[in-house]
There are 2 protein chains.
Amino acid sequence: MNSREYLRILKEEIHSTVFATVDENGLPVTRVIDIMLVDDESFYFITAKGKEFYKQLMDKKYVAVSGMTNGEGSLNKKAISIRGKIENIGYKFLDKVFEENTYMKEIYSSKESRMALEVFRMYEGQGEYFDLSSKPIIRESFVIGKNIQVLKSGYFINDNCRGCKLCYSKCPQKCIDISTKPVGINQENCLHCGNCMLVCPFGAVEKR
Amino acid sequence: MNSREYLRILKEEIHSTVFATVDENGLPVTRVIDIMLVDDESFYFITAKGKEFYKQLMDKKYVAVSGMTNGEGSLNKKAISIRGKIENIGYKFLDKVFEENTYMKEIYSSKESRMALEVFRMYEGQGEYFDLSSKPIIRESFVIGKNIQVLKSGYFINDNCRGCKLCYSKCPQKCIDISTKPVGINQENCLHCGNCMLVCPFGAVEKR
């Protein structure tokens, strides 16, 4: 899938997400925030000038977001996490936010009551997509913004591998390909639990 | 409601939440985490030693959490946000986690595959509960832990109020009681948008 498709899932299938910022003591703060609009390479949300959230957004110009679809049960879900740079775009698109998200008119019914609201946009970010309903779980990385490279973090096997397969025996996802030496980790199924690194007698598992 | 009831909602009705920590650059990170167990004044979650999340938990011993129920539509939801101090309790209650949350056995099916998992507990925190399905929206504060006072943040009217009611005209929740002078804000319905402070000609609205 491309970024546009992940952004569509974020707005249409997830919509209500959790946003994290950092307070004046360097500690995290979270609250539920809706994804109001998306375009090819950004998403938009709103908040009111009176909120601590607004202050924290203006301070760091950075936010982390996670959300998941409403599937029944913990395993029947798609989840997206994305973190990156944001900018305040003032009242631009505020009318569009209310047009595309009519339920917002129930909270802010008059134009007057919307005076404190401003629009923010994430224009550059690193994202991860999880499909927990798939077995093994699927994990994919994506980016939004023009000049961003996908950052591949995870566990990787180096040449110290002797092919003992102890890692495979402890892997909850069985996502280690033991047909080669060194063995290989299927990154798109890995949970990043670290069992393989803990158990390897040869120091052949690296975390990047 | 008391803390125990909010914790019950967090585990039983919400269950899958978003946890925020802070990375080595002081920026927020989020991911989906389930609330595994609760007791009278704490909640429990697990993660694997190999994850960045684990490192960040051990570093700050602090986490912020938000989650919401699965109601259809953005306004048909209850949401809880809570932030506070956590501790690592190792393997204590790990078996209980798998007993009470049987779906976890689908991910970590063998005891061997659980070797990297450890249990954490939030033992002291400040929480907020929102019922977005109520009109006006209901907002309540609560705490977990024995020696914690409920922190009441929000907007308050001081004696500079002349009773002009301009604040009431801009309030999206109409949660300002204008039958008194100074007028009063119904804290349990306030969205913290700040319209009242922006519009007051007398500097009578204080943010605490």
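Only this structure's heavy atoms are used, side chains among them; waters, hydrogens and symmetry mates stay out. We name chains A, B, ... by the order of the sequence lines, and we start the count at 1 in each one.
The environment of NZ in B:Lys92 is sparse: at most 12 heavy-atom neighbours from other residues, nucleotides or ligands sit within 6.0 Å. Open room surrounds NZ on A:Lys85; 12 or fewer heavy atoms of other groups in view lie less than 6.0 Å from it. Annotation for A:Lys61: atom NZ does not count as buried by contact number, only 12 or fewer foreign heavy atoms lying within 6.0 Å.
Counting heavy-atom pairs closer than 4.5 Å to chain B, the top-ranked of the candidates A:Glu112, A:Glu106, A:Arg83 is A:Arg83. Listed options B:Pro172, B:Pro136, B:Ala79, B:Ala48 were ranked by heavy-atom pairs under 4.5 angstrom with chain A; first place goes to B:Pro172. With chain A as partner, the option from B:Glu52, B:Arg114, B:Lys60 having the largest number of non-hydrogen pairs under 4.5 angstrom is B:Glu52. For the set B:Tyr62, B:Tyr108, B:Phe130, the entry with the most heavy-atom pairs within less than 4.5 Å of chain A is B:Tyr62.
Looking at A:Glu128, neither its backbone nor its side chain comes within 4.5 Å of chain B, counting heavy atoms on both sides. Residue B:Asn70 touches chain A through both its backbone and its side chain, counting heavy-atom pairs closer than 4.5 Å. Only the side chain of B:Tyr155 comes within less than 4.5 Å of a heavy atom in chain A; its backbone stays farther off. Heavy atoms of B:Met197 lying under 4.5 Å from chain A are absent altogether. Heavy-atom distances place both the backbone and the side chain of A:Lys49 under 4.5 Å from chain B. Contacts of B:Leu191 with chain A are made by both backbone and side-chain atoms, with heavy-atom separations under 4.5 Å.
Interface with chain A: from residues 9-32 of chain B, residues B:His15, B:Ser16, B:Thr17, B:Val18, B:Ala20, B:Thr21, B:Val22, B:Asp23, B:Gly26, B:Leu27, B:Pro28, B:Val29, B:Thr30, B:Arg31, B:Val32 qualify, criterion being any non-hydrogen pair under 4.5 Å. Using a 4.5 Å heavy-atom cut-off against chain A, the contacting residues of residues 161-170 of chain B are B:Ser169, B:Lys170.
Here the shortest heavy-atom pairing between B:Lys51 and A:His192 reads CG-O, 3.0 Å. Between B:Cys193 and A:Ala116, the shortest heavy-atom distance links the atoms O-CB, 3.6 Å.
We find the CD-OG distance between A:Gln173 and B:Ser113 to be 9.5 Å, quoted to the nearest 0.5 Å.
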